[in-house]
There are 2 protein chains.
Amino acid sequence: MSIETDIKQKKFRSPYQRMGLNLVYTSNWIQYQQMEIFREFDITSQQYNVLRILRGQHPNPIKVSDIADRMLDKNSNTSRLIDKLLLKKLVDRKSCPNDRRAVDVIITEEGLALLKDLDPEVEKWEDNMVGITPEEADLISSLLDKLRNSKNNN
Amino acid sequence: MSIETDIKQKKFRSPYQRMGLNLVYTSNWIQYQQMEIFREFDITSQQYNVLRILRGQHPNPIKVSDIADRMLDKNSNTSRLIDKLLLKKLVDRKSCPNDRRAVDVIITEEGLALLKDLDPEVEKWEDNMVGITPEEADLISSLLDKLRNSKNNN
DNA sequence: ATACATATAATGTTGAAACATGTATTTGTT
DNA sequence: AACAAATACATGTTTCAACATTATATGTAT
């Protein structure tokens with residue numbers, strides 16, 4: 001279905017408006033589908049995002065602020081996200097020796113194991129975006145980059 | 001900046017993964033920017049979404065369930081959104097005569113006036129996506145449509 | 001006509017997001 | 001050395017989202 005039928009709106013004031021609505025709609029759609037995968041593993045998509053960042057650094061620790069920098073949602077409360085992950089023993093946290101304001105976070109073996117179970121599910125989902133070619137996916141990525149750049153320097 | 005530098009991730013397992021992350025990241029980015037416009041008018045982006053749907057029907061009423069169908073976020077609690085809009089006198093609500101389970105919602109003059117003030121701000125923002133051409137915006141829209149379609153029939 | 005399923009919306013509850021504030025530590029300046 | 005400013009994180013509070021449940025009305029089959 002086109003965005004027109006999905007949100008039952010026939011006319012848009014510009015290609016930009018239609019694209020903007022389509023982008024937000026499609027992002028919600030992606031996140032909702034992925035949430036159903038994450039739910040079986042009792043984590044949220046934000047927590048998954050943090051775990052992936054931590055795995056990217058493993059076995060090195062990473063500071064809370066650096067995690068926040070890398071997150072998709074720049075406005076999330078990283079402290080509390082890590083609290084939740086700590087409760088589930090998926091991460092460890094300790095004061096950073098070089099800078100005692102900072103806190104080093106590291107993924108546990110348990111966290112790595114969870115990702116290892118979860119990854120095939122997520123990858124299966126990703127690889128099933130068969131409606132578009134890899135080249136088209138790259139095209140979307142580069143257009144989105146251009147889109148954001150055009151407005152960064154306002 | 002590219003998504004690589006924005007989320008500081010150098011490698012992706014596939015063009016699809018990179019596109020998915022880019023899509024969610026860009027949607028968050030759009031919504032955050034627009035939120036700053038809405039904030040001056042004391043509404044949320046979800047409430048704005050509802051108001052626009054209601055204006056699209058004006059002067060006809062529309063049922064709560066039909067509003068939910070047209071929203072960008074299909075999982076929002078439309079009843080409570082309308083409660084909030086009612087408090088601000090931006091909408092009216094009355095039982096539907098044909099079906100007493102249903103509730104007819106209609107935008108008020110005050111609601112229309114708010115949108116009239118708000119529209120130029122949103123349009124100014126939309127029209128400033130100068131990094132991409134209208135043709136490219138259309139291209140993104142059609143690729144996103146294709147993307148969602150490929151997975152609707154799983 | 002009755003029973004049962006479905007549709008529609010509101011509500012209750014729990015947990016998370018949003019936003020501001022607080023506290024400790026570090027860095028920079030004079 | 002003393003002070004101001006910046007940084008890093010945690011916490012408090014209020015609002016909102018997510019999910020399940022309830023209440024009422026409508027449709028359908030017997």
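What you are looking at is a predicted structure, and each value in this text was computed from that prediction instead of being measured.
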Once you round it to whole Å, what is the distance between [atom2] of [N] and [atom1] of [X]?
{"X": "A:N77", "N": "D:dT15", "atom1": "CG", "atom2": "P", "value": "18 Å"}
{"X": "B:R93", "N": "C:dT11", "atom1": "CZ", "atom2": "C1'", "value": "12 Å"}
{"X": "A:R80", "N": "D:dC9", "atom1": "CZ", "atom2": "C1'", "value": "11 Å"}
{"X": "A:L81", "N": "C:dG15", "atom1": "CG", "atom2": "C1'", "value": "13 Å"}
{"X": "B:M35", "N": "C:dA18", "atom1": "CE", "atom2": "C1'", "value": "8 Å"}
{"X": "A:L86", "N": "D:dT11", "atom1": "CG", "atom2": "P", "value": "12 Å"}
{"X": "B:I82", "N": "C:dT11", "atom1": "CD1", "atom2": "P", "value": "13 Å"}
{"X": "B:N28", "N": "C:dA17", "atom1": "CG", "atom2": "C1'", "value": "13 Å"}

Testing the basics here: between [X] and [Y], what is the closest heavy-atom pair and its distance to 0.1 Å?
{"X": "A:V91", "Y": "A:L54", "answer": "CG1-CD1, 3.4 Å"}
{"X": "B:L21", "Y": "B:I3", "answer": "O-CD1, 4.4 Å"}
{"X": "B:L72", "Y": "B:N49", "answer": "N-OD1, 3.1 Å"}

message: Counting only heavy atoms and a strict 4.0 angstrom limit, can you tell me which residues of residues 98-106 of chain A come near DNA chain C?
response: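 Hits under 4.0 Å, by residue number: A:D99, A:R100, A:R101.
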query: So with a 6.0 Å cut-off around NZ of A:K74, is the heavy-atom count from everything else above 12?
result: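 Yes, NZ of A:K74 has more than 12 neighbouring heavy atoms, counting only those of other groups under 6.0 Å.
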query: Can a salt bridge be assigned to the pair B:E4 and B:R18 using a cut-off of 4.0 Å between side-chain N and carboxylate O?
result: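 Salt bridge: yes.
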message: Show, in sequence, the C-alpha distance, side-chain angles and deciding distance for B:L114 and B:L90, and conclude whether the side-chain contact (heavy atoms from CB on, under 4.5 Å) test is met.
response: CA-CA 8 Å; B:L114 184 144; B:L90 300 174; 4.1 Å; yes
- prompt: What pairs of residues pass the side-chain hydrogen bond (donor to acceptor under 3.5 Å, both in side chains) test when at least one of them lies in residues 97-107 of chain A, not counting sequence neighbours?
  reply: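 Found A:D99-A:R101.
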- prompt: Can you list, by residue number, the residues of residues 48-74 of chain A that have a non-hydrogen atom closer than 4.0 angstrom to DNA chain D?
  reply: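 Result for residues 48-74 of chain A: A:K63, A:V64, A:S65, sorted by number.
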task: Would you please test A:R148 and A:D145 for salt bridge (Lys or Arg N to Asp or Glu O under 4.0 Å) and show each step?
output: CA-CA 5 Å; A:R148 291 195 314 279; A:D145 288 346; 3.0 Å; yes
- request: Return the 5'-most residue of the pair A:S76, A:P97 with respect to DNA chain C, ranking by each residue's nearest nucleotide.
  value: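 Looking at the nearest nucleotide for each, A:S76 comes out on the 5' side.
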query: So, A:Q34 and A:W125: side-chain donor and acceptor under 3.5 Å apart, yes or no?
result: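 Their side chains do not contain a donor-acceptor pair, so the 3.5 Å distance test is not met.
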